[in-house]
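In the text below, chain A, chain B and the rest are named by the order of the sequence lines, each starting its count at 1. Keep in mind the model is a prediction, meaning the values are calculated, not measured.
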2 protein chains.
Amino acid sequence: MTTSQRAHTWQDIQDRIRANIQQRVWLPGELIPGEVALAEQFGCARTTVNRALRELASTGIIDRKRKAGTRVALQPIRRVSASIPVIRTQVEAQQLSYSFKLIKYQLVVPPDNIKQLLQIKANCKSLHVHTVHFSDNAPFIYEDRWVNTQTIGDIKKVDLNEISANEWLVQHVPFTKGEFVVEACLAKASVAKALQVDVKTPLLRSTRTTWLEKESVTMVKLHYLPGHQMRFEI
Amino acid sequence: MTTSQRAHTWQDIQDRIRANIQQRVWLPGELIPGEVALAEQFGCARTTVNRALRELASTGIIDRKRKAGTRVALQPIRRVSASIPVIRTQVEAQQLSYSFKLIKYQLVVPPDNIKQLLQIKANCKSLHVHTVHFSDNAPFIYEDRWVNTQTIGDIKKVDLNEISANEWLVQHVPFTKGEFVVEACLAKASVAKALQVDVKTPLLRSTRTTWLEKESVTMVKLHYLPGHQMRFEI
DNA sequence: AAGTGGTCTAGACCACTGA
DNA sequence: CAGTGGTCTAGACCACTTT
């Protein structure tokens with residue numbers, strides 16, 4: 001019995017509710033008391049109970065529906081999350097020196113798949129950039145990026161040898177939503193060469209696409225050095 | 001101008017604040033007005049502004065500190081998140097039939113690396129299980145799992161041919177925290193055979209370790225079929 | 001139609017932390 | 001020490017959904 005006896009912070013209320021679920025007082029699928037009832041039971045305001053329940057629902061432990069009430073999730077869907085920092089910061093956090101090299105810079109009409117993905121109008125040129133990121137002078141990440149210059153015209157004025165597209169975009173272009181896909185792949189010749197590894201080495205690839213309201217911003221494929229681990233918290 | 005002119009929901013307030021940041025009215029690193037000032041400016045209660053700012057902070061767009069105030073993040077650290085469902089649910093969500101096959105079940109003293117990872121005492125047997133999960137009768141995921149039977153003794157009574165360890169644990173054992181690591185690897189012979197792919201195929205591997213308070217629960221390595229994508233939202 | 005969660009408000013006190 | 005965010009309260013109204 002380490003929990004404080006009569007604390008009214010929403011976290012304490014949340015702990016008490018979670019305990020009821022973990023100790024199977026309330027079984028999966030079962031309806032739990034309403035907010036007003038819990039507030040009375042815990043001796044706090046309904047607002048506080050609401051906060052506790054709302055955050056529990058966001059972790060997937062409970063399901064809430066108006067009128068239907070709150071139920072212990074039948075299939076607790078766990079949410080994992082991680083922060084995605086700028087690559088430079090990611091390297092420097094390990095006390096290593098960071099550098100990068102721009103190896104391709106083109107303003108071209110993108111191929112059809114990119115056009116479709118970023119919803120770029122026909123015959124509109126976009127910025128295509130390849131960058132290698134180094135950690136302590138060793139290749140670390142290979143970056144293949146398309147930037148929608150209709151949305152982000154300013155980037156054409158930037159010297160991407162001085163600041164990486166990754167960092168410039170993060171600092172100058174907020175986005176409203178995005179998608180992040182992770183998969184395993186074999187290194188293609190060009191990527192393998194840039195990362196100084198054998199062809200057919202298994203690599204972790206992340207593909208991120210971001211949007212500013214209805215307009216696409218950028219699509220970037222990152223190939224990580226073999227053995228790289230992407231870490232999440234549950 | 002699609003946003004409603006004078007709505008006082010916290011989301012509307014949040015949109016207005018986000019707009020100020022995205023339109024560079026408030027620059028990165030800059031102090032933004034305090035909650036009371038914003039509440040007055042937007043004509044709403046401070047609580048509402050607080051909610052809006054709190055959720056913005058959780059996405060990494062702003063940094064908040066007591067007394068120091070709220071600043072636009074200099075290096076916006078984006079958080080990605082995804083839900084991790086039970087494998088059966090994951091398959092069935094695609095309208096495919098799910099099945100699994102238990103191919104190894106052993107109660108043994110784990111090797112040192114597992115002992116250390118799960119903090120299992122010397123010479124204590126743990127449960128080691130290998131399972132192949134099928135999507136529409138084709139191998140989908142290869143699962144290699146250790147369960148700490150000191151923490152979860154009940155699982156020894158379960159027939160893991162009837163319900164997968166994955167599903168039983170999710171339904172019966174809540175956990176308090178966990179770690180989730182994703183990496184690329186080459187299929188070893190045993191995994192390749194089970195997934196019916198060539199040796200040296202690049203696979204996505206996720207390793208999850210979960211804890212119930214201070215006690216380890218389970219460590220599970222999942223090898224996904226080649227081409228599998230793990231998707232996150234930003 | 002009614003019950004439940006979702007949210008807003010106004011006011012208050014607290015906790016942290018920078019000056 | 002003083003200012004800022006963090007939270008609690010009590011009451012109210014609203015929105016969604018199931019009955």
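Following rounding to the nearest Å, B:Lys67 (NZ) and C:dA15 (P) show an atom-to-atom distance of 18 Å. We find that CD of A:Gln11 is positioned 9 Å from P of D:dC8, with the value rounded to whole Å. Between the C1' atom of C:dA15 and the CD atom of B:Glu35 lies a distance of 14 Å, rounded to the nearest Å. Computed from coordinates, the A:Asp63 CG to C:dT4 P distance equals 17 Å when rounded to whole Å. Straight-line distance from the CD atom of B:Gln14 to the P atom of C:dG6: 17 Å, rounded to whole Å. Taking atom CG of residue B:Asn50 and atom P of nucleotide C:dA12, one finds them 18 Å apart after rounding to whole Å. Between A:Arg64 atom CZ and D:dC16 atom C1' the separation is 13 Å, expressed in whole Å. Here C:dT9 presents its P atom at 11 Å from CG of B:Asp12, a figure rounded to the nearest Å.
Closest to the side chain of B:Arg54, out of D:dG5, D:dT9, D:dT7, is D:dT7. Which of C:dT9, D:dT18, D:dC8 sits closest to the side chain of A:Ala68 comes down to D:dT18. Of the candidates D:dT7, C:dA10, D:dA10, D:dT7 carries the atom nearest the A:Arg51 side chain, counting heavy atoms from C-beta on. For B:Cys44, the listed nucleotide lying nearest its side chain is C:dT9; candidates were C:dG5, C:dT9, D:dT7. The side chain of A:Arg66 sits closest to D:dC16 out of C:dC16, C:dA12, D:dC16. Of the candidate nucleotides C:dG5, D:dT9, C:dC8, C:dC8 has the atom lying nearest to any side-chain atom of B:Thr9.
In terms of position along DNA chain D, the nucleotide closest to A:Thr47 lies nearer the 5' end than the nucleotide closest to the other residue of the pair A:Lys65 and A:Thr47.
For B:Thr48, no side-chain nitrogen or oxygen approaches OP1 or OP2 of C:dT7 to under 4.0 Å.
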Could you please spell out the steps behind the salt bridge (charged side-chain N to carboxylate O under 4.0 Å, His left out) verdict for B:Glu143 and B:Lys221?
-> CA-CA 6 Å; B:Glu143 170 183 331; B:Lys221 278 190 200 296; over 6 Å; no
Please walk me through it: do A:Arg64 and A:Glu35 pass salt bridge (charged side-chain N to carboxylate O under 4.0 Å, His left out)?
-> CA-CA 11 Å; A:Arg64 319 196 72 196; A:Glu35 295 188 348; 2.7 Å; yes
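Across all strands shown, B:Arg46 has heavy atoms under 4.0 Å from base atoms, whether or not it also approaches the sugar-phosphate.
Salt bridge absent: A:Arg208 and A:Glu179 never bring a charged side-chain N and a carboxylate O closer than 4.0 Å.
Closest approach of A:Arg88 to A:Tyr98, counting heavy atoms only: CG-CD2, 3.3 Å.
The ring of A:Tyr142 has its center no closer than 6.0 angstrom to the ring center of A:His133.
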